[in-house]
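Written out below as structure tokens is the structure these notes cover.
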2 protein chains.
Amino acid sequence: MPLDALTINEAAETTGWSPRMLRYVERVGLVAPARTTKGYRLYGPAELQRLRTLRELLDAHELGLSDVAFAQRMRSDKALRQAVDGWFTTEPRRPSDVPAADWLRFEQEKHERLLEAAVAAA
Amino acid sequence: MPLDALTINEAAETTGWSPRMLRYVERVGLVAPARTTKGYRLYGPAELQRLRTLRELLDAHELGLSDVAFAQRMRSDKALRQAVDGWFTTEPRRPSDVPAADWLRFEQEKHERLLEAAVAAA
DNA sequence: ACAACCCTAACACGGTTGTGTCAAGGTTGT
DNA sequence: ACAACCTTGACACAACCGTGTTAGGGTTGT
């Protein structure tokens, strides 16, 4: 067994999550640890760090795991990100001299560029 | 009554939402219509548009209202946005020659600049 | 003044989230 | 071989989400 990887109960001990919740956090798509050939979960330093900061994140802003899962979905699904961003920018009295279709496409591409840069930088 | 503003039942009729849900959508912070002095809701063209596209958005990506509400919270609460963005970018093997504190601050400010631009553009 | 509308508040109810616990069975270390 | 782990699956349960319905009370238009 790798020296700097913990089993689920050990990881639970040092992160404050219960083993049950570690499995649940994995199920919802955040913090998925490596596995041994026989299926045992192995939590490395990166996973442990993510688990600790996740707890802080949730507590500090009163979020649910589903909120963070949704944020992750927005980062990985470009179409979703565009759709949501697009919804918040509907009909804010656009300049009337430019055709609507062109304006909309411009806005979409602008957001796409900006947010892709943000994600790429991550 | 303003000519191009609808009451809640009329708005429900043309948007496909139920009156109950229009009140709920307002409660969760999306699409808040104007009010008459006596408290009657008045849905203008902008609100009607947002309601129709909201329905499309939810259906197209299997979202809940709470997801969109959370997205809105992320756009309006800078600290939240930074915290969430920060979590997704924890410990991805940063360049080892730059002190951790500086690197972290640099990343935070970079995200802040990019996302502020995106929101300001909206 | 009366019907037809609007308001808020509440009860109801199936579905999801977050969490614990327990069961049945495979793996590991001594 | 045996205790001490690990796995998945299921039952349970409070809290919340999305939605309808109903009740009690104001407002508006004819």
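Labels below follow one simple rule: chain letters A, B, ... track the order of the sequence lines, proteins then strands, and each chain is numbered from 1.
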Next on the checklist: Quick check for you: among C:dG18, D:dT19, D:dT7, whose closest atom lies nearest to any side-chain atom of A:Tyr24?
Outcome noted: C:dG18
Next on the checklist: Does D:dG20 have OP1 or OP2 under 4.0 Å away from a side-chain N or O of B:Ser18?
Outcome noted: yes
Checklist outcome for this item: Of the listed D:dG20, C:dG20, D:dT8, the closest approach to the A:Arg23 side chain comes from D:dT8
Item to check | Nearest-nucleotide 5' precedence on DNA chain C, A:Thr37 against A:Pro19 | outcome: A:Pro19
Checklist entry - Ignoring hydrogens and geometry, is there a side-chain-to-backbone donor-acceptor pair from A:Trp17 to A:Leu51 under 3.5 Å? => result yes
Next on the checklist: Need one value for A:Arg35: base, sugar-phosphate or nothing, where a base atom within 4.0 Å counts as base even if backbone is also close, heavy atoms only.
Outcome noted: sugar-phosphate
Next on the checklist: Quick check: any donor-acceptor pair below 3.5 Å linking the side-chain of A:Tyr40 to the base of C:dG26?
Outcome noted: yes
Next on the checklist: I'd like to know if A:Arg20 reaches the base of C:dT21 with its side chain such that a donor and an acceptor end up less than 3.5 angstrom apart.
Outcome noted: yes
Checklist outcome for this item: Picking from C:dT8, D:dT28, D:dG18, the nucleotide nearest the side-chain atoms of B:Arg41 would be C:dT8
Item to check | Nearest-nucleotide 5' precedence on DNA chain D, B:Asp67 against B:Lys38 | outcome: B:Asp67
Next on the checklist: Quick one, A:Ile8 and A:Tyr40 - any side-chain contact, counting heavy atoms below 4.5 Å?
Outcome noted: no
Checklist entry - Within a strict 4.5 Å, meaning less than it, do heavy atoms of the A:Val84 and A:Leu80 side chains meet? => result yes
Item to check | A:Arg52 (side chain) donor-acceptor with A:Thr15 (main chain) under 3.5 angstrom | outcome: no
